[in-house]
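For ligands, and for the atoms within them, numbers begin at 1 and follow the listed sequence. Residues take their numbers from the sequence shown, with the count starting at 1.
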Amino acid sequence: RRATLLEQALTTDERIALVHGDQAMPILGTKIPAGAIGSAGYIAGIPRLGLPALQETDASLGVSNLLDMRPGDVATALPSTLAIAASFDPALAYDAGAMIGREARLKGFNVLLGGGDNLIRDPRSGRNFEYYSEDPLLSGAMAGAAIRGTQDQHVLSTVKHYAFGDQETGRMQFSARIGEAAARASDLLAFEIAIERGHPGAVMCAYNRYAGPYACENEFLLQHVLKGDWGYPGWVMSDWGAVHAVAAANAGLDQESGAQRDAQIWFGAPLAAALRSGAVPPQRLSDMVHRILRSMFAVGLFDHPPKPGPIDYAADGAVALRAEQQGIVLLANRDGLLPLAKSVRSIAVIGGQADAGVLSGGGSSQVIPVGGVKRLVPVGGEPPFGPYLSMIFGGSAPYAAIKAKVPQASVHYVNGRYPKAAADAARQADVAIVFANQWMGEEGDAPDMSLPEGQDALIAAVTAANPHTIVVLQTGGAVRMPWLAPAGAVLEAWYPGQRGGDAIADVLFGDVDAGGRLPVTFPADESQLPRPVIAGTGLAAGQPFDLDLGEGAEVGYRGDAARGVKPLFPFGYGLSYTHFAYSGLHLQGGNALEVSFDVRNAGARAGVDVPQVYLTRGCAGASQRLLGWARVELAPGQTHHVKVSADPRLLADFDVARQRWRHPACRVEVAVGASSQDLRLRGGAALDAVSIAP
Ligand code: BGC
């Protein structure tokens, strides 16, 4: 009602001013507009009506400060979104979202361009570190919780990039091809769940096209699905430089962001002309504005404006520490090499700039961590973006954190430039810990799954010199591991965030259990991917192409199950320092599927487990789908009773002709496992027929 009254009080010019915004950062020739703090986006307020400006900042890993546009402004850097997903703990995602919201607010921002929720379909995609997982339920649950956390601080959050913005190669050119049933059951379901749980004030549409039209002028995505089927009441904002015509307004786009990046400021003078000619009806403009105002009221932007003030970085750093502690995944641990004993006498720490800090991912989400940039390694490349690309190392340095755990031991660092020097150091130490980095960023995918810059050879030399070698990966996702067999232990640390070095040391020495589980499949190599070569590779810049998502909704573990593929490490996998036993599976069918079982810590140490519930056969045949999970922390001998209620959409298929989720009455099969391929309890249940509207 407040939005309606305010919308009615606006002039047409004021309405038009609210539906397009400036990029507010000094990049590619643009200047910070008057009144803007300096961030990704700015839309001036209307003081005569008390309507506040929108000060929009990136993004999901912390309050970003791309290119140090606010000189010296730091923020708490969370680990990769993938690390948060690896916790399988929506409460952690909530705390992470709330932490960013708090800092954003204390820096004067009221909109966070967070909520990256694209499904991870390819380990080479440059922005996987900003996304959660390959599974729609896990992604939607985590993104929804993070958004809720942010918005509970009265900072409005987006969910992005809607939809199918799943790779960087040709991101402005490709048209994703995937049938509607598969689309509804994969990427769209991840967004649907995130929106249901998080109620983001805005949805950011993607750069790419879907089935022809651009995502930001795609009637099917915006009108039919988002605003129609899902009844989404908020506004659709474009990505920066993603609008190509004023007609986007009629297709459901409500606001043009970073408008200088488009060929024209479409929602400025061209929109005014379209209103005069009747090409865009005035009610449509009112609806666009109403949606913006409604979300601003709903999240509290009028009633609880941001108040710049001091930030408790120690408290926020503790959130980043917990996120990384929970998200590190122990992939291999031969003969119980880990956890390391505190009595260890000598350690060689090798490579990865581990003496300086931890790696972070590049692009719009780049945070300058508290404590500043500890080391900046230019990546280089052609203009316009190449000169800006740099690997940024910051936060707590692993080398110092490892040393602090064992003050009596001799701990040395070798930079790893020469495998021979590294091997010599490893040979002389009880234990070698080699860090390997894969820097990823926006605007580019990795061409393959290798570790760059000769690091495979470095690891091979170190493992050959000392069998007690631990490999710590700071990667944007899965990489090939040709050195896996001789390695003593492997930790996936993702991009570890503000307190990354401390968290890595905590897990290495067993001060916290290795409790992360893979939110993405780690394939053995590219031959196991649906597209062994990234679509669009080798095309001239700007040339359109189809991104054929032939795997449909059978992404990651689902496709592997259907094709009988054994990946290097499956979705859901991760070792703990103890072990767990599952028993007592009970299924109840009928008009809903309820699953319960017991998990017991059968080892001698306290530890964390994430038992997972999968559908293994649905009404339409064999099909693996994650139905739920529990993250439990148990003392030795302790048992926890787990209950999971299956989302009916995961048991059904989308019937395109009837536009409903449906399945007939049938018997389904369910399994409980320690990963998608380690299924330990199995059972079946009879379900009633289901037909539900989307
Ligand atoms: C990215 C968005 C980001 C925007 C504003 C774009 O390049 O795709 O995720 O929010 O820039 O910085």
Side-chain angles (χ1 to χ4, degrees), residues 20-30 32-33 36-43 54-70 75 80-81 97 100 104 109-118 120 125-132 143 146-147 150 155-174 191 194 200-209 214-216 235-244 253 255-262 361-368 384-385 388-389 440-445 476:
H20 64 86
D22 288 335
Q23 170 168 288
M25 50 185 156
I27 179 178
L28 304 179
T30 60
I32 299 181
I37 297 171
S39 63
Y42 175 74
I43 287 119
L54 296 178
Q55 304 269 10
E56 303 174 335
T57 179
D58 288 302
S60 311
L61 280 58
V63 178
S64 77
N65 185 10
L66 189 60
L67 303 174
D68 204 24
M69 72 180 114
R70 299 183 304 282
S80 305
T81 309
I100 310 175
F109 296 107
N110 56 7
V111 178
L112 182 77
L113 307 172
D117 195 28
N118 293 83
I120 297 178
S125 296
R127 295 184 85 174
N128 289 348
F129 72 94
E130 292 186 63
Y131 302 144
Y132 289 95
I147 291 164
T150 299
V155 170
L156 189 148
S157 179
T158 60
V159 66
K160 71 187 188 184
H161 308 84
Y162 184 73
F164 306 104
D166 297 343
Q167 72 170 42
E168 295 302 286
T169 305
R171 68 176 181 170
M172 305 277 186
Q173 282 83 36
F174 72 75
F191 279 103
V203 170
M204 187 192 293
C205 49
Y207 284 127
N208 54 281
R209 305 168 185 255
Y214 283 106
C216 289
W235 90 90
V236 178
M237 68 161 75
S238 74
D239 201 340
W240 274 231
V243 185
H244 304 269
L253 179 67
Q255 190 182 55
E256 179 185 17
S257 314
Q260 314 96 315
R261 298 253 297 257
D262 291 324
S364 57
S365 68
Q366 179 79 60
V367 175
I368 307 292
F385 294 110
Y388 294 115
L389 302 181
M440 303 278 266
E442 195 173 335
E443 295 268 353
D445 298 321

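For ligand 1, the protein residues within 4.0 angstrom (heavy atoms only) are M25, A40, D58, L113, R127, K160, H161, R171, M204, Y207, D239, W240, R261, S364, E442.
Put simply, the side chain of F109 reaches to within 4.5 Å of the side chain of I37, judged on heavy atoms. Under the 4.5 Å side-chain criterion, counting only non-hydrogen atoms from C-beta, M237 is in contact with L113. For the pair Y42 and Q23, the minimum side-chain heavy-atom distance is 4.5 Å or more. The side-chain heavy atoms of K160 and P200, taken from C-beta on, include no pair separated by under 4.5 Å. A heavy-atom distance below 4.5 Å is found between the side chains of N208 and F164. Contact check for R171 versus E442: side-chain heavy atoms found under the 4.5 Å cut-off.
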